[in-house]
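Reading through the structure tokens given below for one structure.
Each chain gets a letter, A, B and so on, in the order its sequence line appears, and its residues count up from 1. Source: prediction; values computed, not measured.
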There are 2 protein chains.
Amino acid sequence: MNTNPADDALLALAQSFREALRQSVYVMRRLDSEEQLSSAQLGVLKMALDGGARVGGIARNLGVKVPSATEQIIKLEGAGLVKREADPDDSRAVRVAATAAGRAAVEKADRRRNEFIAGILGALSQSERDAVQAALPVFDKINHSVQY
Amino acid sequence: MNTNPADDALLALAQSFREALRQSVYVMRRLDSEEQLSSAQLGVLKMALDGGARVGGIARNLGVKVPSATEQIIKLEGAGLVKREADPDDSRAVRVAATAAGRAAVEKADRRRNEFIAGILGALSQSERDAVQAALPVFDKINHSVQY
DNA sequence: TCCTAACAGTTAGGCTGCCTAAATATCAAG
DNA sequence: CTTGATATTTAGGCAGCCTAACTGTTAGGA
């Protein structure tokens, strides 16, 4: 009962998938290592772009706990990329909003990172790129299923 | 010159790809958080499975520096999952070999992790799984191109 | 009105995993 | 037998995440 062919195929796919995950972590590290803004900070900063986000919401969206978000926010504030202000509707809450410098930093970091990745993807064949493109929405779906 | 359609498509793909990378990190964290053996340790342990690997080789294969590998090896040794012995051919080198307990731990961790992922993949449609399957070799290729 | 439970965030302390630099030991070549 | 390269470990440091405990605010009764 442990040799169901369908299950075997699924487990084999899972194994390959796990290897890809591991590689992704590696690629991310590489991406991070050549930038001034870490992925963690970039993620927080992006949420602070439009109007202002609450700390709890940022943490939830990034899949980390509130203190971890606070930590990044404090760093970004120190760098002048976001400002923190009391939420007018709820004095317990804090609204985090990107400054002009913060918006510029996001744009620059995003561009640099995209160019790095585009450089890699550009070296692939068109069919390879198509395969990646087709898989990306599925990856997205997988992530949501893991959510929480 | 910044509106080359091909470049734009590539950059858009890169952007989506980056999002997938971020999600992958998230999924990996989730995977790690419910296991006794961390991914870092599992990676090292797997290399120690057949016969015995050298510290430098392990580090190179995992894309980390030698001291980082040593750190994990020491932990695994403390847990009785690997043993370290001088390389008979080169006394500078150390051969790291999995113990019986180490082999069992790899099997168990691999099985649990694969089952977790298989559970997610199993909830997808066949065409979605096909898309993932088709993209995995490309991910592999991408990783190698980032290597070093 | 006042008390209390729930909630938002920060602070404190701790862990893992990675890194660089420096120390130790061995090898290999001249 | 010296010297430079190589293999690993040790020491010290940093980022990012976590839990627990603390502060302040809000909201729902009694």
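Picking from dT20(C), dT25(D), dT19(D) the nucleotide with the shortest atom distance to the side chain of K65(A) gives dT19(D). In this structure, the nucleotide among dA11(D), dC18(D), dA7(D) sitting nearest to the side chain of D90(B) is dA7(D). Looking at the side chain of E71(A), the nearest of the listed nucleotides dG16(D), dT26(C), dC19(C) is dG16(D). With dC17(D), dG17(C), dG9(C) as the choices, the nucleotide that has an atom nearest any side-chain atom of V94(A) turns out to be dG9(C).
Counting to the nearest Å, the C1' atom of dG17(C) and the CG atom of L76(B) are 13 Å from each other. In this structure, I58(B) places its CD1 atom 16 Å from C1' of dG17(C), rounding to the nearest Å. Spacing between atom CD of Q72(B) and atom P of dT10(D) amounts to 15 Å, rounded to whole angstrom units. Rounded to whole angstrom, the span from the CE atom of M28(B) across to the P atom of dC18(C) amounts to 10 Å. Atom CZ in R92(A) sits about 6 Å away from atom P in dA27(D), given to the nearest Å. Computed from coordinates, the R22(B) CZ to dC17(D) P distance equals 10 Å when rounded to whole Å.
Here R84(B) lies in heavy-atom contact (under 4.0 Å) with sugar-phosphate atoms only. Using a 4.0 Å heavy-atom criterion, one finds that V66(A) contacts the bases of the nucleic acid, with or without backbone contacts as well. D87(B) comes within contact range of no nucleotide atom at all, as no heavy-atom separation falls under 4.0 Å.
Proximity of T70(B) to the phosphate of dT9(D): a side-chain N or O atom is located under 4.0 Å from OP1 or OP2. The side chain of Q41(A) contributes an N or O atom lying less than 4.0 Å from OP1 or OP2 of dG16(D).
Comparing P67(B) and G56(A), the nucleotide of DNA chain C nearest to each residue sits closer to the 5' end for G56(A).
In this structure, F139(B) has its ring center at least 6.0 angstrom away from the ring center of F17(A).
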